[in-house]
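Counting from 1, the numbers follow the sequence of the chain as shown.
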Amino acid sequence: MILHPKDKITPTQAALSVASTLIASGILTLPHASAKAVGAPDAWISVAIGGILALIAGFMVARVSQLFPQQSMFIYCPVIFGKWIGNFLALLFILYCILIDGYEVRVLGEVVREYVLDKTPIEVTIILFMCAASYLTVGGINPIVRVCELYFMPTIIVAFFLLLISTRNFEINNVLPIFGEGILPTLKGVKSTILAYIGFENMLIWISFMDEPRKAVKSTLLGIGIAAVLYVLIVFTVIGNLSFEEVTTLTWPTMSLAKAIEFPGSIFERLDSLFVIIWVIAIYTTFVPFYYSACLGLGQLFRRDHSYFVYAVLPFIYIAAMYLPDLNHVFKFGDFVSYLGLFFGTLFPIVLWIVFKMRKKKLRDSLL
């Protein structure tokens, strides 16, 4: 159900939106989380394996979404699972979107307070950020994907620029030996990558806006692949520069790497400030798609335009962000949210496909 006929997105826009949604707080948190979970220098291998699993899950999500190319999950869930279970799943997805936005904006507030605006209350930073996000969300899917397109290349360029100039201090011994502790710690470390790779499940909704839904699989895999390559390179480079032991002791090791870089001839100073700006943009292009999905879900459940719920959702995101007393609780909260993302990215599409196949004849007239 598309409320406005002009709300159509191309496969390229869908791919860049998926990539922009995935590339977020994981840029700063993933090196520490993966290194700590693995307990060895080859944490980057866990990130690579997590990326491969995300590609498989993304394939499943896109393929299941193609069964209902003109509807979002908020429309077909009550039909397939029944009114009560379907609406519960739809509301659970909306809650998931609100919680992940609360986590992302809280991490943003913590980083901005530590590195840029140390005298500014974190509440002010978060409120201003959410106000800017609500302005874009009111406009709908088209301005959202255009902003993702606009900021995608600057984000990628700055990230790869940082990785490129950091090779001057890269020590290959810092990432060796591979599987020095065996393969089991590396496999266990994959769990720490879940939060970095959630976001592609939004294709359960966005496919209803695609002008070529048959290309949804390609768009989803391309978006996940871009994010996976970037994350692997970041973790590999950070550990190679700072060493595994140091990375496990730093809360934001990627930011520490940016601060430590000295560009020849002092052409650039305070590279970390530039990195923070680009990272805030990356958080913005993650926050808004989830925010829009939550508002669209409420709109389709209650048969209203999504704009009716844009400002009503903000207090709940703010509560989710500020309810947590410290960073330790923030990261634990992120782990909890990642399991919801894992459910909607893996188990949900499998169950959806099975139930649909079992009831295909009865549902064909209702949905297809």
Side-chain angles (χ1 to χ4, degrees), residues 2 4 6-27 30 50-52 54-55 57-63 65-66 69 72 97 100-101 104 108 132-133 135-137 139-163 195-234 275 277-296 341 344-345:
I2 300 177
H4 303 289
K6 66 178 181 178
D7 286 340
K8 290 288 187 179
I9 61 177
T10 66
T12 300
Q13 289 176 324
L16 296 183
S17 296
V18 170
S20 298
T21 304
L22 267 64
I23 299 172
S25 61
I27 293 177
L30 190 55
I52 294 172
L55 286 169
F59 174 81
M60 291 191 304
V61 167
R63 287 292 293 169
S65 298
Q66 286 177 323
S72 74
C97 292
I100 191 65
D101 269 353
E104 294 289 348
L108 175 136
Y135 176 78
L136 179 61
T137 305
I141 191 69
N142 290 119
I144 292 173
V145 296
R146 285 198 292 268
V147 167
C148 289
E149 281 185 295
L150 176 65
Y151 289 126
F152 176 76
M153 284 309 298
T155 302
I156 294 297
I157 290 172
V158 171
F160 276 95
F161 176 70
L162 172 66
L163 296 174
L195 186 60
Y197 286 118
I198 60 176
F200 60 84
E201 60 277 3
N202 277 311
M203 282 301 292
L204 292 166
I205 300 159
W206 296 345
I207 193 172
S208 62
F209 296 103
M210 291 186 68
D211 57 7
E212 296 181 84
R214 67 182 184 278
K215 295 183 179 180
V217 172
K218 182 179 179 180
S219 297
T220 304
L221 297 184
L222 179 59
I224 296 173
I226 292 171
V229 170
L230 180 61
Y231 278 143
V232 170
L233 290 176
I234 286 177
F275 185 71
I277 294 172
I278 294 298
W279 179 77
V280 169
I281 293 174
I283 294 291
Y284 187 75
T285 54
T286 295
F287 182 94
V288 172
F290 277 109
Y291 184 20
Y292 175 71
S293 292
C295 296
L296 180 68
F344 283 108

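- Atom CG of L55 and atom CG of L222 lie 10.0 Å apart (nearest 0.5 Å).
- Side-chain contact check for V288 versus V147: every heavy-atom pair is 4.5 Å or farther apart.
- Residues meeting the side chain to side chain donor-acceptor pair (under 3.5 Å) test with S65, sequence neighbours left out: none.
- Taking all atoms of both residues into account, the shortest heavy-atom contact from C97 to S293 is SG-CB, 3.9 Å.
- In terms of heavy-atom proximity, G345 sits nearest to V61 at O-CG2, 3.6 Å.
- Y292 and F209 have tilted rings, their planes meeting at an angle from 30° to 60° on a 0 to 90° scale.
- The shortest side-chain heavy-atom distance between P289 and W206 falls under the 4.5 Å cut-off.
- Among residues two or more places apart in sequence or in another chain, the side-chain contact (heavy atoms from CB on, under 4.5 Å) test is passed with T220 by A62, F200, M203, I224.
- Listed here is the closest heavy atom pair of A228 and G51: CB-CA, 4.0 Å.
- Atoms CD1 and CD1, on I283 and I23 in that order, are 11.0 Å from each other to the nearest 0.5 Å.
- The two atoms that bring Y197 and G50 nearest to each other are CE1-C, 3.5 Å, heavy atoms only.
- For the pair T286 (side chain) and S20 (backbone), a donor-acceptor distance under 3.5 Å is present.
- Distance CG/L296 to OG/S208: 7.0 Å, rounded to 0.5 Å.
- A pairwise comparison of heavy atoms in I9 and A14 identifies CD1-CB, 4.2 Å as the closest pair.
- Nearest heavy-atom pair, V145 versus S17, reported as atom, atom and distance to 0.1 Å: CG1-OG, 3.3 Å.
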For this session: Take V158 and W279, measure what side chain to side chain contact (heavy atoms under 4.5 Å, CB included) needs, and give me the verdict at the end.
Result: CA-CA 9 Å; V158 171; W279 179 77; over 6 Å; no

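- Separating the CZ atom in F160 from the CG atom in L233 is a distance of 5.5 Å, to the nearest 0.5 Å.
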Exercise. Could you walk me through whether V18 and N202 pass the side chain to side chain contact (heavy atoms under 4.5 Å, CB included) check?
Worked result: CA-CA 8 Å; V18 170; N202 277 311; over 6 Å; no

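- To the nearest 0.5 Å, atom CG of residue L162 and atom CD1 of residue I278 are 11.5 Å apart.
- Side-chain contact between I100 and L195 is present, with heavy atoms from C-beta onward closer than 4.5 Å.
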Donor-acceptor list for residues 210-218 side chains, cut-off 3.5 Å, not counting sequence neighbours:
{"from": "E212", "atom 1": "OE1", "to": "R214", "atom 2": "NH2", "distance (Å)": "3.0"}
{"from": "E212", "atom 1": "OE1", "to": "K215", "atom 2": "NZ", "distance (Å)": "3.3"}

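- Note that CG of N142 is 10.5 Å distant from NZ of K8, once rounded to the nearest 0.5 Å.
- Under the ring-ring contact (aromatic ring centres under 6.0 Å, His included) rule, F287 has a single partner from F290, Y291, Y284, which is Y291.
- The shortest distance between side-chain heavy atoms of I226 and L22 does not fall below 4.5 Å.
- Side-chain contact between I234 and L163 is present, with heavy atoms from C-beta onward closer than 4.5 Å.
- Put simply, the side chain of T285 never gets that close to the backbone of C148: no donor and acceptor are under 3.5 Å apart.
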